[in-house]
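Remember, predicted model here, so these are calculated numbers, not experimental data. Positions are given from 1 along the sequence. Numbering of ligands and ligand atoms starts at 1, following listing order.
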Amino acid sequence: MKYISTRGQAPALSFEDAMLTGLARDGGLYVPEAIPQLSHAEIKAMAGKSYEEIAFQVMRPFVGETFSDDDFKGIIERAYAGFGHAARAPLVQLDQGHYLLELFHGPTLAFKDFAMQLIGQLFQTALSRRNERVTIVGATSGDTGSAAIEAFRGLDNVDVFIMYPHGRISEVQRRQMTTPSESNVHALAMDGDFDDCQARLKDMFNDFDFRDGVRLAGVNSINWARVLAQVVYYFSSAVSVGAPDRKVSFTVPTGNFGDIFAGYIAKRMGLLIDRLVVATNQNDILHRCLSGQGYHKGETSPSISPSMDIQVSSNFERALFDAYGRDGGAVSQLMDELIQGGFDVSQGAMQVLQSHFDSGRASEAETSATIRDTLKTTGELLCPHSAIGVKVAKDQPPSATPMITLATAHPAKFPDAVEAASGIRPPLPDRMSDLYDRDERVTRIANNLDALKTHIKGNIRQ
Ligand SMILES: *Cc1c(COP(=O)(O)O)cnc(C)c1O
């Protein structure tokens, strides 16, 4: 299995190299050269299997020769052992034909744990046998950073530095990054906003001496291995409601198009998915684009679903690559236009996109109302991101096809917004109820490339 770049100018890589590289050298994103197929019988046989067994079956064909079957099984076992629910991704019913896929039972209470826990084990296994180490640097508005620190803490071949905007993330998010005591993980509170953190991260990747000197690696949402990990729960949940003998639809709260793109891959592998519905908050570039208004950047406006407050949706490039007939030159040109502000999607590509994806958006008031109403009618307390999914799913035309909405975070991760909407302050699960009592360790750092480089060089293990 080879991986090619969406911009067509970078060398094809193995799974292992695509994973360790992250972003392709031509600025593109890696995608598999061909999508492996699962037959009706193979999907049917998933019924009753454990999450780990399904994960092995779904991901194995993408991994190629990188890991032996036994190694890969061990990686999957270790990745999900720390989850707080035996089913890993349990499904609950909200209404007739409407189900909620709870993806928040991982160690940091957001769906990013599914990908990040796996990536931690994949990196550690690949690097230790190469006898190499890497330095992972990330920028976060909250959930990615905590999931990364949790996934890599204590691993021998990786040092991790996560920059977050000082004073602008929730206390739960901050404590999840600052309380792990392992010496290979480092939380950096930067004086600036999330865009500043991302800009400094980009500067570091563009500084080739530094990049090569510390063996810089990235695990942001464009890393193919992260997308792959998310394909699994589309299969496990669809089979629970009757696939493959019955079609299923999904609604996915999304910002970077990562989670929903994993659903598209599941469909391309042979899972009978009827509709994939993109749900956005007021930062609705994806909804506007899928409604035929082109892909044009606006100003990001902060919302109560901060993990979806983005203007440029990095994984959308992968969908565009397919919609443009896998023409890397065409994608490069679109991405150049995006730097100037945006582009219009060709009619042919728009038809392809609309054949797979629907979309909707929820305002702040609609999000809060959905948290309140869902609690009243089902007893389920939703986080704001998940509420956007539920609202958009309910807006879809009536259908006999079951709808599964992805719940991306635990309500206790966003207690202020949930309490304001519902009157209930959601408690942390028992297994992390001492989070507020643990000691914090964090370095306050200036919004300055040299200061960051000095700090990182001085703190990596050799
Ligand atoms: C990251 C995140 C999202 C958006 O995920 P995408 O990768 O953009 O699809 C939604 N909800 C929560 C809670 C998140 O942490």
Engineer: Using a strict threshold of under 4.0 Å (side-chain N to carboxylate O), is an ion pair present between R361 and D284?
Structural biologist: yes
Engineer: Around atom 9 (O) of ligand 1, find the nearest protein heavy atom and jot down its residue, atom name and distance.
Structural biologist: T254 OG1, 2.6 Å
Engineer: Side chain, backbone, both or neither: which part of F111 comes within less than 4.0 Å of ligand 1 when only heavy atoms are counted?
Structural biologist: side chain
Engineer: Looking at G258, which atoms of ligand 1 are within less than 4.0 Å of one of its heavy atoms?
Structural biologist: 6 (P), 7 (O), 9 (O)
Engineer: Tell me, which protein residue and heavy-atom name are nearest atom 12 (C) of ligand 1, and how many Å apart are they?
Structural biologist: T408 OG1, 3.4 Å
Engineer: Considering only protein heavy atoms, which is closest to atom 1 (C) of ligand 1, and at what distance to one decimal place?
Structural biologist: K112 NZ, 1.3 Å
Engineer: Determine whether the aromatic ring centres of residues Y80 and F83 are separated by less than 6.0 angstrom.
Structural biologist: yes
Engineer: Can D322 and R268 be counted as an ion pair, charged N to O under 4.0 angstrom?
Structural biologist: yes
Engineer: What atoms in ligand 1 come closer than 4.0 Å to a heavy atom of A409?
Structural biologist: 13 (C)
Engineer: Minimum heavy-atom separation for M116 to V219, with atom names?
Structural biologist: CE-O, 3.9 Å
Engineer: For the aromatic rings, using the six-membered ring if either is Trp, is the centroid distance between Y51 and Y233 under 6.0 Å?
Structural biologist: no
Engineer: D143 pairs by side-chain hydrogen bond (donor to acceptor under 3.5 Å, both in side chains) with which of Q176, K112, K413?
Structural biologist: K413
Engineer: Relative to ligand 1, is D259 under 4.0 angstrom through side chain, backbone, both or neither, heavy atoms considered?
Structural biologist: both
Engineer: Around atom 8 (O) of ligand 1, find the nearest protein heavy atom and jot down its residue, atom name and distance.
Structural biologist: N256 N, 2.5 Å
